[in-house]
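What follows is one structure encoded as structure tokens, with my remarks underneath.
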Protein chains: 2
Amino acid sequence: MTQRLAGDASAYASIPDRLLAVATRLFAEKGYESTSVQEIVAAAGVTKGAMYHYFGAKDDLLYEIYHRLLGLQTRRLREFAGGTGPVEERLRAAAVDVLSTSFRYLDEFTVFFRSMHMLPKERRRAVRAERRRYHEQFRALVEEGQREGVFRADVPADLSVHYFFGAVHQVSTWYRQDGPLDAQQISEYYVDLFLNGLRARPEGPAAAAPGRPAGDDGGAASA
Amino acid sequence: MTQRLAGDASAYASIPDRLLAVATRLFAEKGYESTSVQEIVAAAGVTKGAMYHYFGAKDDLLYEIYHRLLGLQTRRLREFAGGTGPVEERLRAAAVDVLSTSFRYLDEFTVFFRSMHMLPKERRRAVRAERRRYHEQFRALVEEGQREGVFRADVPADLSVHYFFGAVHQVSTWYRQDGPLDAQQISEYYVDLFLNGLRARPEGPAAAAPGRPAGDDGGAASA
DNA sequence: AAGCGCATACCGACCAGTCGGTCTCGGCGG
DNA sequence: CCGCCGAGACCGACTGGTCGGTATGCGCTT
């Protein structure tokens, strides 16, 4: 629960960890491209030589940030999804966890969605694949609930997941520490909105909806 | 309805429009920072001198893209919100329009959420202010519905709007033209999920929700 | 003495922005 | 109606500086 992604930036952490921690902060603050390698190594208290000893290139830092973040998320999700309670409970727990992780690693998420495109093609593909696996893991929960009739099945599970993840991943763009609501509250409100939107309604799905599409296959809309 | 944001890039459009259209495409493709002014002017078929004749700096292009996009959105939203039908209908129409606008101007949105931070501080503040006004306009619709009892009031309207906009603004990261669902379908599903999540439930808000926060003030969580 | 872990000096590429200059065209005096 | 002039539109070579990455060497451990 208290595992860090890149260790802290203190002088006692290992050099790679210090570099990753500092890079994450700087990339989130000023953007990947406007952060020079020189700045990173200066802030980490090491030299350029040291950095290129541990990382082959600047974008390796970026990749490592993504890789660690996705690893953490996938591991956590697996724990929550693998439980034994009712689907809705498990989905709720997983969703809350996704949100609190997003809040705990705000910088990582900021960098993720802002600088993904700076990765070389091959790396980007690897990250996308990891992300898709994560997405599918989460989607499986929704589909389970659909099969059980707990969740509405007239909206493709894939879309519901994109929808929720979209909302979650944008929090890094507007959330401020000193806002009126803390992370915990926001998380629970968000999960509430998500589950409420997903829940099957007694009188049939979604009243007062003029002209909605007919298809209700669970087809993926890419990932 | 068919108004363009920066004209097209054809040789007959004005030079500033051509530059904006080309810049939008390139920024979306390769990112702001890795697109050189040289590339932009080459793709637009003009020279550097011409560009700096019309734009004071590279980031003026960025700002102009945002400014035009936000102007368009605000104008459209005003039309939809100002109607006379029931709130839910107006909100639905507005929400669908937000989505179809997002799909039509995918590149603009991509650039927006990826490169906002490259703007100089002053400009960034201006854009954020414009965006907040837009957000509040949309929020007013939700609040109206809450007062009328159509929408649940136990989730701050501000959060609901952040939630929906978050989901919407992320579509540019996963939507592909050749996916199984077209933009129209996705829009309606999304709006459905949003309104269903927002709708007041007969038996009281959100069943099976262990330990939800008490506060239900409509306070803004920044913007 | 071998080799790992890092330091330092340096390179070539590139890039935003500039600046002196040219071209076109509308207006105006004769 | 002609010819001149000024101004805005545009050109493109150039510059000062930065940046990612590398080559080489040194000290310390084993």
Side-chain angles (χ1 to χ4, degrees), chain A residues 6-7 9-27 29-66 111 114-124, chain B residues 6-7 9-27 29-65 111 115-124:
Chain A
S10 82
Y12 299 112
S14 75
I15 289 183
D17 278 2
R18 246 153 69 203
L19 283 167
L20 281 175
V22 161
T24 302
R25 204 191 64 231
L26 289 177
F27 290 165
E29 264 173 28
K30 348 186 317 160
Y32 174 78
E33 295 262 15
S34 355
T35 304
S36 71
V37 171
Q38 205 53 246
E39 287 175 287
I40 297 171
V41 299
V46 302
T47 64
K48 234 169 154 185
M51 193 206 114
Y52 277 98
H53 180 70
Y54 291 106
F55 297 93
K58 188 186 175 187
D59 50 59
D60 276 13
L61 288 170
L62 205 53
Y63 177 74
E64 196 58 23
I65 292 171
Y66 295 166
V111 176
R114 191 187 275 168
S115 305
M116 252 289 249
H117 63 288
M118 296 312 311
L119 243 35
K121 231 182 180 96
E122 201 43 54
R123 284 290 171 86
R124 211 161 53 219
Chain B
S10 82
Y12 301 112
S14 75
I15 288 183
D17 277 2
R18 247 152 68 203
L19 283 167
L20 282 176
V22 160
T24 302
R25 205 189 65 232
L26 289 177
F27 290 166
E29 263 173 31
K30 348 186 317 158
Y32 174 77
E33 297 260 13
S34 359
T35 304
S36 71
V37 171
Q38 204 53 247
E39 287 175 286
I40 298 172
V41 299
V46 303
T47 63
K48 229 167 162 188
M51 193 207 114
Y52 278 98
H53 180 71
Y54 290 106
F55 298 93
K58 187 186 174 187
D59 50 59
D60 276 11
L61 288 170
L62 206 53
Y63 177 75
E64 196 58 22
I65 292 171
V111 176
S115 305
M116 252 289 249
H117 63 288
M118 297 309 314
L119 243 34
K121 232 183 179 95
E122 202 41 57
R123 283 288 170 89
R124 211 161 53 219

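We use all heavy atoms of the structure for the numbers below, so side chains are in, but hydrogens, waters and symmetry mates are not. Letters A, B, ... are given to chains in the order of the sequence lines, protein chains preceding strands, and every chain is numbered from 1.
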A/E64 CD to A/R123 CZ distance, which is reported to the nearest 0.5 Å: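 CZ of A/R123 is found 8.5 Å from CD of A/E64.
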Gap separating the NZ atom of B/K30 from the CD atom of B/E39, nearest 0.5 angstrom: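 The NZ atom of B/K30 sits 3.5 Å away from the CD atom of B/E39.
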Whole angstrom value for the distance that separates [atom2] of [N] from [atom1] of [X]:
X: B/I15; N: C/dT24; atom1: CD1; atom2: C1'; value: 14 Å
X: B/L62; N: C/dA16; atom1: CG; atom2: C1'; value: 15 Å
X: A/M51; N: D/dG21; atom1: CE; atom2: C1'; value: 9 Å
X: A/E39; N: D/dT18; atom1: CD; atom2: P; value: 11 Å
X: B/L19; N: D/dC11; atom1: CG; atom2: P; value: 10 Å
X: A/F55; N: D/dT22; atom1: CZ; atom2: P; value: 16 Å
X: B/L26; N: C/dA16; atom1: CG; atom2: C1'; value: 16 Å
X: A/K30; N: D/dT18; atom1: NZ; atom2: P; value: 12 Å

Compare the minimum distances between each of [options] and the side chain of [X], then state the nucleotide with the smallest one.
X: B/S36; options: C/dA16, C/dA7, D/dG20; answer: C/dA16
X: A/Y52; options: C/dG5, D/dC11, D/dG20; answer: D/dG20
X: B/H53; options: D/dC11, D/dA9, C/dG17; answer: D/dA9

Residue closer to the 5' end of DNA chain D, B/Q38 versus A/Y32 (nearest nucleotide):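 The residue closer to the strand's 5' end, by nearest nucleotide, is B/Q38.
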Side-chain donor/acceptor of A/K48 to base of C/dA7, under 3.5 Å: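 Side chain to base: no pair present.
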B/K58 (side chain) and C/dG17 (base): donor-acceptor pair under 3.5 Å: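 Checked by distance alone, the answer is no.
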Sub-4.5 Å side-chain heavy-atom contact between B/V41 and B/V46: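 SC-SC contact between B/V41 and B/V46 confirmed.
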Sugar-phosphate only, base, or nothing, as touched by B/T35 at under 4.0 Å among non-hydrogen atoms: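 Counting heavy atoms under 4.0 Å across all strands, the contact made by B/T35 is with sugar-phosphate only.
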Whether B/R124 side chain and B/M116 backbone form a donor-acceptor pair below 3.5 Å: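 No; judged by distance alone, with no hydrogens or angles, the pair does not exist.
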Exam field: side chain B/Y32 to backbone B/D59, donor-acceptor pair closer than 3.5 Å: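 A pair under 3.5 Å: yes.
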